[in-house]
Amino acid sequence: MKRGFLNSAKARKQALYPAPLPTAPSQGSASVACPKQQLELAGKPHHGKVENRELPEDHTPSSLPMSDSTMQSNGVYKDHVVKGLTFTTIASDGGPAADNTELLLEAPTKQKIVSSPGFLKPVPKPSDPASYAVRSTPDMGLGCFATRAIEAGEIIFAERPLLVVPRSCRLVNSSQIVARYGIHQGNLIFMAEWEKVLEVVVARMTEENRTAFMALANNHKEDGSGPILGIVRTNAYSTDKFFDGPVRLANDENMYSSILKIGSRINHSCRPNVTYDFDLASFSYIFKAEKDIAAGEQLFYSYCKINVPVSVRKSQLAPYGIVCKCLSCINATPASDKIRMEFENRIDDTVKWIMNPRANIHHALKLRQDLIDEGLEGQRTYACCLYAISMMYKVMGEPIKRQIFQDEFNKYNRLAKLRD
Ligand SMILES: C[S@@+](CC[C@H](N)C(=O)[O-])C[C@H]1O[C@@H](n2cnc3c(N)ncnc32)[C@H](O)[C@@H]1O
């Protein structure tokens, strides 16, 4: 899961609503000048245990009232626009209220979403019977488990998000806040002010969805995040199917965070067996098996990059309070780090190997085994490797072996194509 808040240059310029500011910095305040570096630091929310979480005494929290009178007869609140950002709801006519999504979006982004082709299709249905359940795990809180065997590529479930909010907060005068209060307290103020905004989004939810949202895990209880921001930071998914402006920015600051009722219960592993696509037309996240999953196995998605060494994965997971104990982390070696760092570039090798099968079949079989050992069967390289092996056996006149790898290729190629 990708998460990021408060780190947007644009966010620092753009106000959602004016945070009350002291008129002038007091004598001897922590910082009078505001160098760029300080601003960037100030834009990163705290994580871990933050000892001093007191807001400055002279800071008055903002309030953003929401009137019940804006509710329509179908129980959905009317759009509520504040300084270019729209509090809005996606609800299908006659569809279940549990499928409603509450959003806080830039107005043109909302327009892009609702005018996209086919919008708003029903949420895709997984094959029967249901294949997952949310249950307790011994060491990860709740998790999702397969209740029957699931085939690679199968849709496990699809759902609309409960809530969608900007990945970066949009507050006014953050540089002045930092200038007056310093980075540490400035950050606490940003987090408190953003919480006020999120309160409005959550207040607009149906009671059922709000209950589900507030029951989600919160791993940010000691860093100054409010209860809603904590849940958002713990559970957010992203998508590149919609973002503010014409292009996705390099550090993702114009993207959005989605919180899901079921998807947000999926725990992390560096050996994922689940992947997701976001489908704009149905405005839903579609979760698919990335490999064959046996009944009773836990479903895992990777919150960090999987093509990096264990040390990098560890640092990427630290802000989420996760020390990953998957087999790939526990048994990591320089050799397994190398496999992770190189596997995406080895597709070219698989193509070359087909030209000279007898000399290269052992390379292809070794690559396949390396990917299995690292739990990376869902990756494109795995499908390419299976294709190369089946072609090599064909050229080598070994039809039975060829068929075995062809069948496996068909399964994983279907999956690789699904991910395009
Ligand atoms: C998105 S939630 C996942 C569902 C969560 N376990 C629950 O009870 O709702 C993310 C949180 O689950 C826990 N978690 C996820 N993967 C984990 C892992 N591999 N090891 C330990 N904890 C994990 C962490 O507390 C993390 O912040």
Side-chain angles (χ1 to χ4, degrees), residues 1-5 45-50 132-147 156-157 159-165 167 191 198 202 208-239 256-276 278 285 287 290-291 293 296-306 308-332 340 374-376 378:
M1 289 189 190
K2 294 199 174 109
R3 299 170 191 113
F5 298 91
H46 300 298
H47 65 80
K49 189 169 168 106
V50 173
Y132 73 93
V134 175
R135 292 207 299 257
S136 293
T137 70
D139 51 357
M140 303 177 190
L142 294 178
C144 280
F145 290 81
T147 51
I156 305 173
F157 60 90
E159 59 177 337
R160 295 220 174 104
L162 295 168
L163 170 146
V164 174
V165 292
R167 197 171 147 87
M191 291 157 101
L198 297 178
V202 170
E208 183 189 348
N209 283 2
R210 187 166 44 248
T211 304
F213 175 85
M214 294 308 295
L216 290 171
N218 180 354
N219 209 17
H220 290 269
K221 288 184 177 160
E222 297 187 310
D223 59 16
S225 299
I228 301 173
L229 177 56
I231 291 174
V232 171
R233 292 180 72 187
T234 306
N235 294 285
Y237 278 79
S238 64
T239 173
Y256 286 84
S257 295
S258 301
I259 315 304
L260 312 182
K261 185 173 172 181
I262 302 157
S264 290
R265 295 295 190 184
I266 299 179
N267 288 313
H268 159 84
S269 171
C270 307
R271 307 166 62 86
N273 53 13
V274 160
T275 183
Y276 73 85
F278 177 76
Y285 284 79
F287 288 83
E290 189 162 81
K291 39 180 114 157
I293 303 173
E297 260 187 73
Q298 191 175 170
L299 308 182
F300 288 112
Y301 172 71
S302 180
Y303 298 3
C304 64
K305 288 191 173 173
I306 51 171
V308 291
V310 65
S311 57
V312 178
R313 300 200 302 275
K314 207 171 165 182
S315 62
Q316 289 180 353
L317 293 169
Y320 314 134
I322 294 175
V323 178
C324 184
K325 297 195 187 79
C326 76
L327 280 178
S328 292
C329 285
I330 290 173
N331 299 328
R340 292 248 168 194
E374 279 303 302
L376 298 174

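Atoms within each ligand, like the ligands themselves, are counted from 1 in listed order. Computed from a predicted model, the values in this text were never measured in an experiment.
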- [ ] Answer yes or no: is there a donor N or O on one side and an acceptor on the other, between the side chain of His268 and the main chain of Tyr303, under 3.5 Å?
- [x] yes
Open item on the list: Below 4.0 Å, non-hydrogen atoms only: which portion of Asn267 touches ligand 1? Side chain, backbone, both or neither.
Closed with: both
- [ ] May I ask you to identify, for Asn219, whether its side chain, its backbone, both or neither come under 4.0 Å of ligand 1 on a heavy-atom basis?
- [x] side chain
Task: Cationic N near anionic O, under 4.0 Å, Arg233 to Asp223 - done: yes
- [ ] Number the atoms of ligand 1 from 1 as they appear, then name those within less than 4.0 Å of a heavy atom of Gly141, with their elements.
- [x] 8 (O)
TODO: Tell me, please, which residues at least two apart from Lys261 pass side chain to side chain contact (heavy atoms under 4.5 Å, CB included).
DONE: Glu159, Leu162, Glu208, Ala212
Task: Flag, side chain of Arg340 to backbone of Glu374, donor-acceptor distance under 3.5 Å - done: yes
Task: Candidate with minimal heavy-atom separation from atom 7 (C) of ligand 1, of His220, Arg265, Lys325, Arg233 - done: Arg265
Open item on the list: Can you confirm, on distance only, whether ligand 1 has an N/O atom lying under 3.5 Å from any N/O atom belonging to Cys324?
Closed with: no
Open item on the list: Contact between ligand 1 and Ser264 is defined here as a heavy atom of the residue under 4.0 Å from a ligand atom; is it met?
Closed with: yes
Task: Heavy-atom gap Ile266 to ligand 1 smaller than 4.0 Å - done: yes
Open item on the list: Ignoring hydrogens, what is the shortest heavy-atom contact between Tyr285 and Leu260? Give both atom names and the distance.
Closed with: CD1-CD2, 3.7 Å
Open item on the list: So, 4.0 Å and heavy atoms of Tyr303: is ligand 1 close enough to count as a contact?
Closed with: yes
TODO: Could I get the full list of side chain to side chain contact (heavy atoms under 4.5 Å, CB included) partners for Pro272, not counting sequence neighbours?
DONE: Glu290, Ser302, Ile306
TODO: Kindly compute the distance separating CG (Leu327) from SG (Cys270), expressed to the nearest 0.5 Å.
DONE: 10.5 Å
Open item on the list: I'd like to check which ligand 1 atoms, numbered from 1 as shown, lie under 4.0 Å from a non-hydrogen atom of Tyr320.
Closed with: 27 (O)
- [ ] Considering the heavy atoms of Asn235, write down every atom of ligand 1 situated less than 4.0 Å from one of them.
- [x] 1 (C), 2 (S)
Task: Thr234 near ligand 1 by a heavy-atom separation under 4.0 Å - done: yes
Task: Side-chain H-bond candidate by donor/acceptor type, Arg313 with Ser328, under 3.5 Å - done: no
